[in-house]
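Heads up: the structure comes next, in structure tokens.
Just so it is clear, the model here is predicted, and its values are computed rather than measured.
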Amino acid sequence: MNPFTRFIRAQSNDKIPANVLAFVDHWDRLEALVINTYRQNHADEETEGVYADLRAWLQKHYPALAPALAPYWRNAREGDALPASDPFERLFAPESAWAFVGTRAYMQALPPAREAINTYLLTLA
């Protein structure tokens, strides 16, 4: 888990709705998977299975949180520009974890998504 996210949760875990906590937990796992797959330059069968499960869960549950997170990712930086599209949707859109292998664009989508999560959590605290 991102250290700042962990800090926010520790300060206000009882104020954060269960669906938001579940989303953050799933997102943390996806973020780690994207980073590890990119760094290892490989996605094995186990990684593909984990990604398929995370992707299905996120596709099902993200629409409920998308309106709350949108104002924050829209104002976050992705490289040296504002995101052109929803970084959350971009990161669970690929059908395979192999998409993350060697694709820097997915790594660049992680910071605005994380910033959106952290900023949103602060509003709940």
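Side-chain contact between I117 and R114: present, with at least one pair of heavy atoms (C-beta onward) separated by less than 4.5 Å. Side-chain contact check for R39 versus I35: some heavy-atom pair is nearer than 4.5 Å. Using a 4.5 Å cut-off on side-chain heavy atoms (C-beta onward), P111 and R77 make no contact. Using a 4.5 Å heavy-atom threshold, the side chains of P17 and L124 count as touching.
Partners of R29 by salt bridge (Lys or Arg N to Asp or Glu O under 4.0 Å), not counting sequence neighbours: none found.
A distance of 9.0 Å separates CG of L30 from OG1 of T37, quoted to the nearest 0.5 Å. The distance from the CG atom of L65 to the CG atom of N19 is 5.5 Å, given to the nearest 0.5 Å. Put simply, NZ on K60 and NE2 on H26 are 10.5 Å apart, with the number rounded to the nearest 0.5 Å. Rounded to the nearest 0.5 angstrom, L33 CG and E46 CD are separated by 10.0 Å.
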May I have the list of side-chain donor-acceptor pairs in residues 97-107 shorter than 3.5 Å, sequence neighbours left out?
unit_1 : atom_1 : unit_2 : atom_2 : d
W98    : NE1    : A43    : O      : 3.1
T103   : OG1    : A99    : O      : 2.7
T103   : OG1    : V101   : O      : 3.3

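Here the options are T47, L54, D53, the test is side-chain contact (heavy atoms from CB on, under 4.5 Å), and the partner is V50; only L54 passes.
For the residue pair W27 and A113, the shortest heavy atom distance occurs at CZ2-CB, 3.7 Å. Taking each heavy atom of P87 and A109 in turn, the nearest pair found is CB-O, 3.4 Å. Minimum interatomic distance between P83 and R74 (heavy atoms only, all atoms of both residues): CD-O, 4.1 Å. The two atoms that bring L58 and F23 nearest to each other are CD2-CE1, 3.5 Å, heavy atoms only.
Note: Y120 and Y72 have tilted aromatic rings, judged against thresholds of 30 and 60 degrees for the angle between ring planes.
Cluster annotation: L91 and L82 are assigned to distinct hydrophobic clusters (Ile/Leu/Val/Met/Phe/Trp/Tyr, side-chain heavy-atom contacts under 4.5 Å, transitive).
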Using the side-chain contact (heavy atoms from CB on, under 4.5 Å) rule, take L69 and Y62 through it: C-alpha gap first, then chi angles, then the decisive distance, then the call. CA-CA 10 Å; L69 293 168; Y62 178 64; 3.9 Å; yes
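Side-chain atoms of R55 come within 3.5 Å of backbone atoms of A93 as a donor-acceptor pair (strictly under, hydrogens ignored).
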